[in-house]
Amino acid sequence: MSKRIEKEIELYKDLFGKAFTLFLLVSGGTLTTYHHEGITPLVMGGTVASVFLFVSLTFTGYLYKREIEKLED
């Protein structure tokens, strides 16, 4: 049972790292584009994508934390 939980923890850790990197790239690019060009369709799409990535990042972090707690029990 603990092998399965350890594999899930590794999966969530990997997903969290990738989602965090993607969030930083998208939000940084959106802010840079907004700074140089103002509000454009690209900035609006980037804002929506950044919010979506932030929510998925929060959810993945929650799942990661929950699996670690399962393993400790």
Side-chain angles (χ1 to χ4, degrees):
M1 177 90 165
S2 66
K3 275 278 202 211
R4 185 183 65 81
I5 293 174
E6 289 176 10
K7 287 188 182 252
E8 283 186 37
I9 288 173
E10 196 63 36
L11 173 71
Y12 290 133
K13 182 179 178 182
D14 186 46
L15 285 175
F16 185 83
K18 289 177 182 178
F20 184 72
T21 302
L22 189 60
F23 171 72
L24 288 179
L25 289 172
V26 170
S27 61
T30 300
L31 286 174
T32 302
T33 304
Y34 175 72
H35 177 70
H36 288 292
E37 299 176 16
I39 295 178
T40 62
L42 185 63
V43 171
M44 293 175 3
T47 302
V48 170
S50 294
V51 169
F52 175 75
L53 285 169
F54 181 75
V55 169
S56 66
L57 187 65
T58 304
F59 184 68
T60 305
Y62 168 75
L63 291 175
Y64 178 62
K65 183 180 175 184
R66 189 181 73 182
E67 291 298 321
I68 288 176
E69 289 173 357
K70 272 188 197 177
L71 187 63
E72 289 176 351
D73 289 342

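In this text, all values refer to a predicted model and were calculated from it rather than measured experimentally.
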Check: Can you pull the salt bridge (charged side-chain N to carboxylate O under 4.0 Å, His left out) pairs that have at least one residue in residues 51-67, sequence neighbours excluded?
Finding: Glu67-Lys70
Item checked: Co-members of the apolar cluster containing Met44 [side chain, <4.5 Å] -> Tyr34, Ile39, Val43
Margin query: Test of understanding: with salt bridge (charged side-chain N to carboxylate O under 4.0 Å, His left out), list the residues that count as partners of Lys18, not counting sequence neighbours.
Written below: Asp14
Notebook entry, point to check: In terms of the angle between their ring planes, are Phe20 and Phe23 parallel, tilted or perpendicular, with boundaries placed at 30° and 60°?
Noted result: tilted
Just list the side-chain donor-acceptor pairs under 3.5 Å for residues 50-64, sequence neighbours left out, or say none.
from	atom 1	to	atom 2	distance (Å)
Ser50	OG	Gly46	O	2.8
Ser56	OG	Phe52	O	3.4
Ser56	OG	Leu53	O	2.9
Thr58	OG1	Phe54	O	2.9
Thr60	OG1	Ser56	O	2.8

Notebook entry, point to check: Members other than Leu25 in its cluster, when Ile, Leu, Val, Met, Phe, Trp, Tyr link by side-chain heavy atoms under 4.5 Å?
Noted result: none
Check: Under the side-chain contact (heavy atoms from CB on, under 4.5 Å) test, which residues partner Leu31, sequence neighbours left out?
Finding: none
Next item on the list: Would you give the length of the straight line joining atom CD1 of Ile68 to atom NZ of Lys13, rounded to the nearest 0.5 angstrom?
Entry: 8.5 Å
